[in-house]
Amino acid sequence: MNRYLCRQVHRNSVKMHAESAQGFSAAERAYRCGDHSIYISAKQKRRRVYVPLTDHNQYKRQIYIKLYPQKGSIQIRVPVDVGVRIHRDYKNQVGLALGMYTMLTTDEYQS
């Protein structure tokens, strides 16, 4: 089972390509929503880039801004909140750590 999980994690993990500048992430303190638009912080002090929005949504989380220079447009990707479901038939807990290494752990100990 351990070798199978290692193969699956190694096969499905993809490294990010930093050389392609298709977009960037913006933390919640790096932008401000208001007036049917979003103001994104620029590198220069006290400067923001004005982007008009097509909806009235306002966000308070990290967003990903994907650039389309050929069309002259951008796409804002926002993570969605998903409710936690509790299943009575689940007996063991499973922990998943997403960090420098992908790791899958359970609450059972094997020597």
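What you are looking at is a predicted structure, and each value in this text was computed from that prediction instead of being measured.
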His36 (side chain) donor-acceptor with Asp55 (main chain) under 3.5 angstrom: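 At least one qualifying donor-acceptor pair exists.
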
All ring-ring contact (aromatic ring centres under 6.0 Å, His included) counterparts of Tyr64, not counting sequence neighbours: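 Residues passing ring-ring contact (aromatic ring centres under 6.0 Å, His included) with Tyr64: none at all.
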
Shortest non-hydrogen contact between Gly34 and Gln58, atoms and distance: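 That closest heavy-atom pairing would be CA-NE2, 4.2 Å.
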
Over all atoms of both residues, closest heavy-atom pair of Leu67 and Phe24: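 Closest pair (atom of Leu67, atom of Phe24, distance): CD2-CE2, 4.2 Å.
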
Other ILVMFWY residues reachable from Tyr39 by side-chain steps of under 4.5 Å: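 Noted: Tyr39 shares its cluster with Tyr50.
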
From CD1 (Ile65) to CD (Gln22), nearest 0.5 Å: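 Interatomic distance, Ile65 CD1 to Gln22 CD, rounded to 0.5 Å: 14.5 Å.
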
Rounded distance [0.5 Å steps], OG in Ser37 versus NE2 in His56: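 It comes to 11.5 Å.
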
Listed partners of Arg47 passing side-chain contact (heavy atoms from CB on, under 4.5 Å), at least two apart: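 Applying side-chain contact (heavy atoms from CB on, under 4.5 Å) to Arg47 gives Ala42, Gln44.
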
Pairing residues for Ser41 by the side-chain contact (heavy atoms from CB on, under 4.5 Å) criterion, not counting sequence neighbours: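 Here the qualifying residues are Arg48.
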
Residue pairs fulfilling salt bridge (Lys or Arg N to Asp or Glu O under 4.0 Å) with at least one residue in residues 22-38, sequence neighbours excluded: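 Every pair satisfying salt bridge (Lys or Arg N to Asp or Glu O under 4.0 Å) with a residue in residues 22-38: there are none.
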
Show every donor-acceptor pair shorter than 3.5 Å between a side-chain atom in residues 72-84 and any protein atom, with sequence neighbours excluded, or say none if there are none.
unit_1: Gln75; atom_1: OE1; unit_2: Tyr68; atom_2: OH; d: 3.3
unit_1: Gln75; atom_1: OE1; unit_2: Arg77; atom_2: NE; d: 3.4
unit_1: Gln75; atom_1: OE1; unit_2: Arg77; atom_2: NH2; d: 3.4
unit_1: Asp81; atom_1: OD2; unit_2: Arg61; atom_2: NH2; d: 3.0

